[in-house]
Protein chains: 2
Amino acid sequence: MREDLPIDVTHEVRDSCLCLHLQRAARAVGRRFDEALRPVGLSHGQFSLLISLNRPEAPRLGDVARLLGMDRTTLTANLKPLERRGLLTVSPDPSDRRGRRLALTPDGEDLLVQAVPVWRQTLAQLPPVDLLGGLAQLVGMAPETAGTPDGKAG
Amino acid sequence: MREDLPIDVTHEVRDSCLCLHLQRAARAVGRRFDEALRPVGLSHGQFSLLISLNRPEAPRLGDVARLLGMDRTTLTANLKPLERRGLLTVSPDPSDRRGRRLALTPDGEDLLVQAVPVWRQTLAQLPPVDLLGGLAQLVGMAPETAGTPDGKAG
DNA sequence: CCAATTTAAGTTGACTTCAACATATCTGTC
DNA sequence: GACAGATATGTTGAAGTCAACTTAAATTGG
């Protein structure tokens, strides 16, 4: 071990890094939901995405990306398997032809009807941690975390 | 909107899903660390991985995967870019030839010496949320996937 | 010692994630 | 109504993520 990189630094990161703890917890909880939802044929991310489309007006791609806190190009990629399976449609917005409206198909709705009880049960089986408020703070923290084109403007 | 899938379900998920909140926070915080570490040439996951190798004994692949709360095969994939860059080495364990020992190279240590101050500063700039205990609870819940929150030899 | 079992990793395929770059469309100004 | 800037999205390339399957080595039971 070099003296400019003592073991204490390793322990400091392990014990205090919010990023590491978040990633680990997100992976662990994500795996658990993936496992529960597997019989339905959805991953946890696909479930979140589909359920976010269940609303009176078909939302635009960018709005859904912001809601999910993900890069819009990630959402574009995530849409493809679901569109291929016929669970949602991507169609141009008539009032603004740059925009894309995302809508559930009847098949997508059917799958959600099956998935929602599984989701409820899986959530209920988690330990009763009280984290949502703190987690929400983190999502909003960066001035333009998820919404800015190419992370450049500001 | 179908009556077996009312908008209330959408709101229920949005407002109460620990999985969704975790993924969103993990993405947002991960992006922030990625941005801060970019000048050093590391992503947040690569930083966590490399720092976990900074210890007197080179750990085995499986132990590191447990420490990071990720699938072993994910770790195998994550090693490749770092090995290619000469930041770590993967070598067979002499005492158990199934095992692989992961070790930092001097170049990897040099990079960590640069990265640690950036990591400290980025962590200090986050809002002072108190989440680590709750997050650690979640990692331990899955019977076989997760490891113990500390990294020392289970 | 040998066969069965367990354990540690590798491989493959599908999907997820994001930055950088590129295109199409809208809005405001003149 | 052309033009500059802003907005919404697409494309590409590299990496991250995991389940299912496979291979290699250690351990256990006769």
Side-chain angles (χ1 to χ4, degrees), chain A residues 23-24 26-35 37-38 41-49 59-66 68-85 90-102 144-154, chain B residues 23-24 26-35 37-38 41-49 59-66 68-85 90-102 142 144-146 154:
Chain A
Q23 304 296 328
R24 295 203 324 161
R27 282 191 285 254
V29 172
R31 275 194 300 263
R32 172 160 275 218
F33 276 85
D34 284 348
E35 182 185 1
L37 288 167
R38 195 164 305 134
L42 291 176
S43 67
H44 71 271
Q46 293 175 328
F47 174 76
S48 298
L49 168 48
R60 283 180 309 180
L61 189 149
D63 292 332
V64 174
R66 263 183 294 277
L68 299 177
M70 66 172 56
D71 193 277
R72 87 203 142 60
T73 66
T74 302
L75 178 56
T76 299
N78 294 358
L79 291 174
K80 294 189 174 169
L82 298 171
E83 193 180 12
R84 201 184 311 139
R85 289 165 65 184
V90 182
S91 36
D93 183 340
S95 71
D96 181 344
R97 289 199 308 225
R98 298 169 302 179
R100 293 279 185 270
R101 296 276 175 181
L102 310 181
E144 23 264 322
T145 313
T148 311
D150 295 341
K152 281 299 183 194
Chain B
Q23 304 296 330
R24 294 203 322 161
R27 283 191 283 254
V29 172
R31 274 193 299 266
R32 173 160 274 217
F33 276 86
D34 283 349
E35 182 185 359
L37 288 166
R38 194 165 306 134
L42 291 175
S43 67
H44 71 272
Q46 293 176 327
F47 174 75
S48 298
L49 168 48
R60 284 182 308 179
L61 189 151
D63 292 331
V64 174
R66 264 182 293 278
L68 299 177
M70 65 172 55
D71 193 276
R72 309 184 303 278
T73 65
T74 302
L75 179 56
T76 299
N78 293 358
L79 290 174
K80 293 188 177 170
L82 298 171
E83 194 181 11
R84 200 183 312 139
R85 288 166 65 184
V90 182
S91 36
D93 183 342
S95 72
D96 181 344
R97 289 203 302 229
R98 298 169 299 181
R100 293 279 185 272
R101 296 278 174 179
L102 310 181
E144 46 234 334
T145 35

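Keep in mind it's a predicted model, so treat the numbers as computed, not measured. Within every chain, numbering begins at 1; the chains are lettered A, B, ... in the order of the sequence lines, protein sequences first and strands thereafter. Worth knowing before you read on, the calculation uses all heavy atoms, side chains too, and leaves out hydrogens, waters and symmetry mates.
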Which nucleotide sits closest to the side chain of [X]: [options]?
{"X": "B:Lys80", "options": "D:dG10, C:dT11, C:dC18", "answer": "C:dT11"}
{"X": "A:Gln46", "options": "C:dC15, C:dA20, C:dA9", "answer": "C:dC15"}
{"X": "A:Arg97", "options": "C:dC26, D:dA26, D:dG10", "answer": "C:dC26"}
{"X": "A:Arg100", "options": "D:dT11, C:dA19, D:dG10", "answer": "D:dG10"}
{"X": "A:Asn78", "options": "C:dG10, C:dC18, C:dT16", "answer": "C:dT16"}

*Report the C-alpha separation of B:Arg27 and A:Leu68 in whole Å, then their side-chain angles, then the decisive distance to 0.1 Å, and conclude whether the side-chain contact (heavy atoms from CB on, under 4.5 Å) test is met.*
CA-CA 9 Å; B:Arg27 283 191 283 254; A:Leu68 299 177; 4.1 Å; yes

Hey, does the side chain of [X] come within less than 4.0 Å of [N]'s phosphate (OP1/OP2), counting only N and O?
{"X": "B:Arg31", "N": "C:dC18", "value": "yes"}
{"X": "B:Thr76", "N": "C:dA9", "value": "no"}
{"X": "B:Thr74", "N": "D:dG16", "value": "no"}
{"X": "A:Ser43", "N": "C:dT16", "value": "yes"}

Rounded to whole angstroms, how far apart are [atom1] on [X] and [atom2] on [N]?
{"X": "B:Asp71", "N": "C:dA8", "atom1": "CG", "atom2": "P", "result": "14 Å"}
{"X": "A:Leu79", "N": "C:dC18", "atom1": "CG", "atom2": "C1'", "result": "15 Å"}
{"X": "A:Leu75", "N": "C:dT17", "atom1": "CG", "atom2": "P", "result": "10 Å"}
{"X": "A:His44", "N": "C:dC15", "atom1": "NE2", "atom2": "P", "result": "15 Å"}
{"X": "B:Arg27", "N": "D:dA15", "atom1": "CZ", "atom2": "C1'", "result": "16 Å"}
{"X": "A:Arg60", "N": "D:dT7", "atom1": "CZ", "atom2": "C1'", "result": "9 Å"}
{"X": "B:Gln23", "N": "D:dG16", "atom1": "CD", "atom2": "C1'", "result": "13 Å"}
{"X": "A:Leu42", "N": "D:dA19", "atom1": "CG", "atom2": "C1'", "result": "16 Å"}

*Side-chain touch B:Arg101/B:Arg60, heavy atoms, less than 4.5 angstrom*: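 Side chain of B:Arg101 against side chain of B:Arg60, heavy atoms only: contact under 4.5 Å found.
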
*Heavy-atom distance under 4.5 Å between the side chains of A:Met70 and A:Asn78, does that happen here?*
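The answer is yes; the side chains approach within 4.5 Å.
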
*Would you kindly compare A:Pro94 and A:Gly45 by the position of their nearest DNA chain C nucleotide and give the one closer to the 5′ end?*
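Its nearest nucleotide lies further toward 5', so the answer is A:Gly45.
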
*asked:* Go nucleotide by nucleotide along DNA chain C from the 5' end; which of A:Ser95 and A:Arg85 gets its closest nucleotide reached first?
replied: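 Per heavy-atom nearest nucleotide, the more 5' residue is A:Arg85.
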
_Looking at every non-hydrogen atom in both residues, tell me the closest pair between B:Arg72 and B:Ala65 and how far apart they are._
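Looking at all heavy atoms of both residues, the closest pair is CA-CB, 3.9 Å.
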
*asked:* Need one value for A:Arg84: base, sugar-phosphate or nothing, where a base atom within 4.0 Å counts as base even if backbone is also close, heavy atoms only.
replied: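 The answer is sugar-phosphate, as A:Arg84 gets under 4.0 Å only of primed atoms, P, OP1 or OP2.
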
*First of A:Asp34 and A:Gly99 reached from the 5' end of DNA chain D, by closest nucleotide*: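 In this pair, the answer is A:Gly99.
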
If you take atom types as modelled and just measure distance, does the side chain of [X] reach the base of [N] with a donor-acceptor pair under 3.5 Å?
{"X": "A:Arg72", "N": "D:dG10", "value": "yes"}
{"X": "A:Thr73", "N": "C:dA19", "value": "yes"}
{"X": "A:Arg98", "N": "D:dT9", "value": "no"}

*Is B:Asp34 salt-bridged to B:Arg31, cutoff N-O under 4.0 Å?*
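Looking at B:Asp34 and B:Arg31, the cut-off is not met.
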
_To the nearest 0.5 Å, what is the distance between CG on A:Leu49 and CG on A:Leu102?_
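The distance works out to 7.5 Å.
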
